[in-house]
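Before any comments, here is the structure.
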There are 2 protein chains.
Amino acid sequence: MPAPTPAPSAVPARRRAGRPTAAILDQDGITTAALELISSKGYEGLTMAALARSLGVAPSALYNHVASKDDVLILLMDHLAAMVDVSAFGTEPWDEAVRRWAWSYRDVFSEHTPLIPIIAVLPVANAPKTLAMYESVTAGFRDAGFPEDRIISAIVALEAFVFGAAYDVTAPEDIFDAGSLAEQVPNFTAAVERLALERHKRPTDVAFRLGLEALITGFGALRG
Amino acid sequence: MPAPTPAPSAVPARRRAGRPTAAILDQDGITTAALELISSKGYEGLTMAALARSLGVAPSALYNHVASKDDVLILLMDHLAAMVDVSAFGTEPWDEAVRRWAWSYRDVFSEHTPLIPIIAVLPVANAPKTLAMYESVTAGFRDAGFPEDRIISAIVALEAFVFGAAYDVTAPEDIFDAGSLAEQVPNFTAAVERLALERHKRPTDVAFRLGLEALITGFGALRG
DNA sequence: GTTATAAATGAACGCCATTCATTTACTGGT
DNA sequence: ACCAGTAAATGAATGGCGTTCATTTATAAC
C-alpha cells in the first residue's frame with residue numbers, strides 16, 4: 001500500500017494566507033506571465049483569473065501589484081515598446097533608420113493589436129520604456145537635420161500609420177471579397193482582382209511599404 | 001379619490017410576451033438607438049441591456065434581430081461609413097478629393113474609435129455601405145489615372161493612416177508630458193516644447209495634415 | 001379553422017473584473 | 001526581546017455583462 005507520507009504532487013499544497021517569506025509576485029513577473037498567456041491563448045485568454053492561475057496565485061493577489069487589468073495592459077505595452085528596434089538611429093542614414101523603426105514597430109504591435117487603443121492614448125509619463133523609444137527617435141530626427149518644431153508631428157503621423165497598419169496585418173485574406181455584392185461595385189472588384197500578387201509578399205506588406213515610402217520621402221524633404 | 005381606471009403612465013404598461021401587432025424592432029431602429037445611446041453615454045454606456053431599455057424592450061428581444069453585440073457594432077460602423085464624404089471624387093481634382101475623403105473619414109471615426117478594431121478587420125461583404133464607399137474611392141483613383149494594380153494598396157495605406165489618426169484625436173492634451181522623467185529624455189522634451197502652436201489648430205490636426213499631404217504627394221506621383 | 005412562424009418576455013447561466021475582511025510573516029523601533 | 005505596523009497572500013462575495021432558452025401570443029398562410 002502507498003506510504004502515508006503524501007507524494008509531492010503536481011498541484012502544490014495550498015498556500016496559506018499571509019505574508020510569504022519572499023514576495024511571489026511583482027510587476028515584471030506579471031508582465032512575463034501575461035505575455036506567455038497571450039502567446040498561448042491569445043488576448044481572449046488573458047483574464048485576471050487565468051493570469052493568477054498561471055502564476056499559482058489567487059486572482060485577488062494580483063491587485064497588490066496592479067490597480068486594474070488596464071494596468072496590466074499598460075505594463076505589456078511598455079514592455080513591447082522596448083522591443084521596437086530603434087538601433088538604426090545614429091548608425092544608419094535617417095531614411096533607413098525610420099524604415100527599420102517603422103517596420104519593427106508595426107511587426108511588434110500587429111501581434112498585440114488590443115494594446116493599440118491603450119498606447120495611442122496613454123500619457124508617456126506612465127510608460128518609461130515607450131518614452132525611451134521616443135527619445136531615440138527624436139534624437140535621430142534632430143541629428144538628421146529635421147526642424148525641431150516638426151519632429152513630434154512627424155513622429156505622430158508615422159505612428160498613426162504604423163498602428164493602422166498593425167490592424168491591417170491581422171485582417172483576413174478575403175477581407176476584400178465583395179461576395180454577392182461584387183456586381184454592384186465593378187471598379188472596386190476590378191481593382192481587387194488586379195491587386196498585383198508580388199511573390200513572397202503579403203498584400204498588407206505591399207501597402208505598408210507604399211505608404212511608408214511616401215511618408216519617408218515627404219518628410220525627408222523637410223530636413224534642413 | 002382617483003378613478004379606478006389607471007391614468008396613462010410614463011412607464012408604459014408591461015407588454016405581454018408574444019407577437020406584437022407590428023414588429024417593434026428592426027436593424028435600423030437598433031442602429032439609431034445605439035447611436036443615440038453612444039452620443040449620450042459613450043461606448044461604456046452601450047450595453048445590450050441599456051440598448052434594450054432605450055427601445056422599451058427586453059434585452060433578449062434584441063437577439064431576434066442581431067446575432068450578438070458585435071453585430072450591433074458592425075451595423076454601427078456600416079452606418080458611419082455612409083456618412084464619410086466621398087462626394088468630391090468625380091467633381092474635384094484627385095488630390096482634393098482624397099483630402100476631403102480622408103479628413104471626413106478621420107473625423108467620423110475619431111468619435112467612434114471602439115469601432116476601428118472591427119472595421120479594420122471586417123470582410124467588406126458584411127458591410128454594404130462601406131463597400132459603396134470603397135467603390136466611389138476606387139473609381140476616383142482609376143479616373144485620375146492611377147494604375148489599377150496599386151489602387152487597393154494605396155487605399156489600404158491611406159485607411160491605416162486615417163484609423164491611427166482617429167485614435168490620436170482622442171488622446172489627452174498632455175499625452176507628451178514626460179513629467180518627472182523629463183530630464184532623462186532631453187531631445188524629446190525639447191521637441192515637445194518646440195511643437196509649434198499654430199493658432200486655431202490642434203496638434204493632432206497638424207500631424208494629420210503633415211502625414212496626409214506626404215501620402216497624397218507620394219501617391220500622386222504614381223498616376224499615369 | 002388549423003397550423004406555422006415571428007417576435008416578444010423573463011428567468012437563468014457563466015464569465016469576468018474587482019472588493020473586502022482576514023490571515024500571516026517579515027521589518028523596524030524601543 | 002518584544003511589540004506594532006505593514007506587505008502580501010487567501011477566498012468569499014458582488015455586480016455587471018453578453019447570451020440562451022423555454023414560453024407566450026398575435027399575426028400570416030394554407
Side-chain angles (χ1 to χ4, degrees), chain A residues 9 11-34 37-38 40-77 114-115 117-118 122, chain B residues 9 11-34 37-38 40-77 114-115 117-118 122:
Chain A
S9 161
V11 176
R14 192 170 279 104
R15 205 181 306 104
R16 290 194 313 284
R19 182 177 197 159
T21 303
I24 299 171
L25 294 177
D26 59 22
Q27 293 197 333
D28 273 3
I30 291 173
T31 306
T32 303
L37 195 52
I38 289 161
S40 67
K41 313 271 185 200
Y43 272 87
E44 296 142 39
L46 180 64
T47 67
M48 294 302 271
L51 186 53
R53 218 167 85 71
S54 80
L55 286 159
V57 128
S60 51
L62 295 170
Y63 289 87
N64 288 316
H65 303 270
V66 295
S68 64
K69 183 177 179 180
D70 264 17
D71 233 42
V72 175
L73 298 182
I74 290 172
L75 290 175
L76 276 172
M77 80 102 186
L115 299 180
I118 293 188
L122 186 82
Chain B
S9 162
V11 176
R14 194 171 277 106
R15 206 181 305 106
R16 289 195 314 284
R19 183 177 197 162
T21 303
I24 299 172
L25 294 178
D26 59 24
Q27 292 197 334
D28 273 3
I30 290 173
T31 306
T32 303
L37 196 51
I38 288 160
S40 67
K41 313 270 186 204
Y43 273 87
E44 297 141 39
L46 180 63
T47 67
M48 294 302 270
L51 185 53
R53 218 165 79 72
S54 81
L55 286 159
V57 128
S60 51
L62 295 170
Y63 289 87
N64 289 316
H65 304 269
V66 295
S68 63
K69 184 178 179 180
D70 263 17
D71 234 42
V72 175
L73 298 183
I74 291 172
L75 290 176
L76 276 172
M77 81 102 186
L115 300 180
I118 294 188
L122 185 82

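Throughout, protein chains are lettered first and strands after them, A, B, ... in sequence-line order, and every chain is numbered starting at 1. No experiment lies behind these values; they were computed from the predicted model shown. For the numbers below, each heavy atom of this structure counts, side chains included, while hydrogens, waters and symmetry mates do not.
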Residue B:P20, side-chain heavy atoms: nucleotide from D:dG18, D:dT10, C:dA7 that is nearest: C:dA7
Closest nucleotide among C:dT9, D:dC17, D:dT10 to the B:S60 side chain: C:dT9
Nucleotide C:dT18, atom C1' - distance to CG of A:D71 in whole Å: 13 Å
Between C1' of C:dA17 and CG of A:L46, the distance in whole Å: 12 Å
Whole-Å distance separating the CE atom of B:M48 from the P atom of C:dA8: 13 Å
Interatomic distance where OH belongs to B:Y43 and P belongs to D:dG18 [whole Å]: 14 Å
Non-hydrogen side-chain atoms of A:V57 and A:L25 separated by less than 4.5 Å: yes
Donor/acceptor link under 3.5 angstrom from B:N64 side chain onto base of C:dA8: yes
Which nucleotide in C:dA8, C:dA25, D:dA26 has an atom nearest any side-chain atom of A:R16: C:dA25
Rounded distance (nearest 0.5 Å) linking atom CG of B:L73 with atom OG1 of B:T31: 10.5 Å
Whole-Å gap separating P (C:dT18) and CG (A:L51): 12 Å
B:Y63 side-chain proximity, nearest of C:dT19, D:dT19, D:dG11: D:dT19
Under 3.5 Å: donor-acceptor pair, side chain of A:Q27, backbone of A:V66: no
Interatomic distance, A:K69 NZ vs D:dG16 P [rounded to whole Å]: 19 Å
5′-ward residue of the pair A:L62/A:R19 relative to DNA chain D: A:R19
Between CD1 on residue A:I30 and CG on residue A:L37, distance to nearest 0.5 Å: 12.5 Å
Distance in angstrom units between A:R53 CZ and D:dG11 P, rounded: 14 Å
N or O in side chain of B:H65 less than 4.0 angstrom from C:dA6 OP1/OP2: no
Interatomic distance, B:L73 CG vs D:dC17 P [rounded to whole Å]: 15 Å
B:K69 side chain reached by B:L62 side chain, heavy atoms, under 4.5 Å: no
